[in-house]
Amino acid sequence: PLAYWICFCSIWAYFAMTWCNKYLRASLVSVYTVLQPCTSCLISSLLVLTHSASWAKEYNLELPGWNDVGIIGIVAGLAVLFLEPTPKPRTPLLSEAEGADCTA
C-alpha cells in the first residue's frame, strides 16, 4: 500500500497536475483539487455500505457526518464557475503587437 501511495498519489498526481497546468485552463485543473475530497467521501461511503460494519470499523471508515455538509458549498462554487459565461480573450491589434504608435 505504501508503494501505491508514493507512486500514484504523490508522484503521478503531481506530474499530471503539472502537465494539466500547461495544457488546460486553470479553472478546469482546479476542479481536481476541489473534487478529490468529495470523491474520497463517496468511495468510503460506498465501501461502508457494501461491506459489514465490522469491516468498516477494522479499516476505520465511517459514513459521512455533519462535517461533510460542506459539499453543498463545493457544488455551488463549481456551478458558478462553469455556468458563468467566459469572455473570449482579446487578440491584440497588429499595431499593439508591434508596439507601434498609430496616431496621426
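Just so it is clear, the values below take in all heavy atoms, side chains as well, and ignore hydrogens, waters and symmetry mates.
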> Hey, what else clusters with Y14 if you join Ile, Leu, Val, Met, Phe, Trp, Tyr whenever side-chain heavy atoms sit under 4.5 Å?
Replying inline: none
Please report, to 0.1 Å, the donor-acceptor pairs under 3.5 Å made by any side chain of residues 60-77, with sequence neighbours excluded.
unit_1	atom_1	unit_2	atom_2	d
D68	OD2	G65	N	3.0

>> Going by the rule side-chain hydrogen bond (donor to acceptor under 3.5 Å, both in side chains), which residues pair with S52 if we only count those two or more places apart in sequence or in a different chain?
In response: S54
>> Quick check on the hydrophobic clustering: are V80 and L83 connected, directly or via other members, by side-chain heavy-atom contacts under 4.5 Å?
In response: no
> Tell me, which pairs form a ring pair (Phe, Tyr, Trp, His ring centres under 6.0 Å) where one or both residues lie in residues 36-58, sequence neighbours left out?
Replying inline: H51-W55, W55-Y59
> How is the hydrophobic cluster of L42 composed, in terms of its other members, when Ile, Leu, Val, Met, Phe, Trp and Tyr link through side-chain heavy atoms under 4.5 Å apart, directly or indirectly?
Replying inline: L46
>> If the condition is side-chain hydrogen bond (donor to acceptor under 3.5 Å, both in side chains), which residues does T50 pass it with, not counting sequence neighbours?
In response: none
> Apart from Y23 itself, what residues make up its hydrophobic cluster when side-chain heavy atoms of I, L, V, M, F, W and Y under 4.5 Å apart count as a link, directly or indirectly?
Replying inline: W19
>> Just to verify, what does F15 make a ring-ring contact (aromatic ring centres under 6.0 Å, His included) with, not counting sequence neighbours?
In response: W12
> From C41 SG over to L35 CG, what is the distance, rounded to the nearest 0.5 angstrom?
Replying inline: 12.0 Å
> Atom CG in L78, atom SG in C38: separation rounded to 0.5 Å?
Replying inline: 7.5 Å
> Which residues satisfy the side-chain hydrogen bond (donor to acceptor under 3.5 Å, both in side chains) test with T18, sequence neighbours excluded?
Replying inline: none
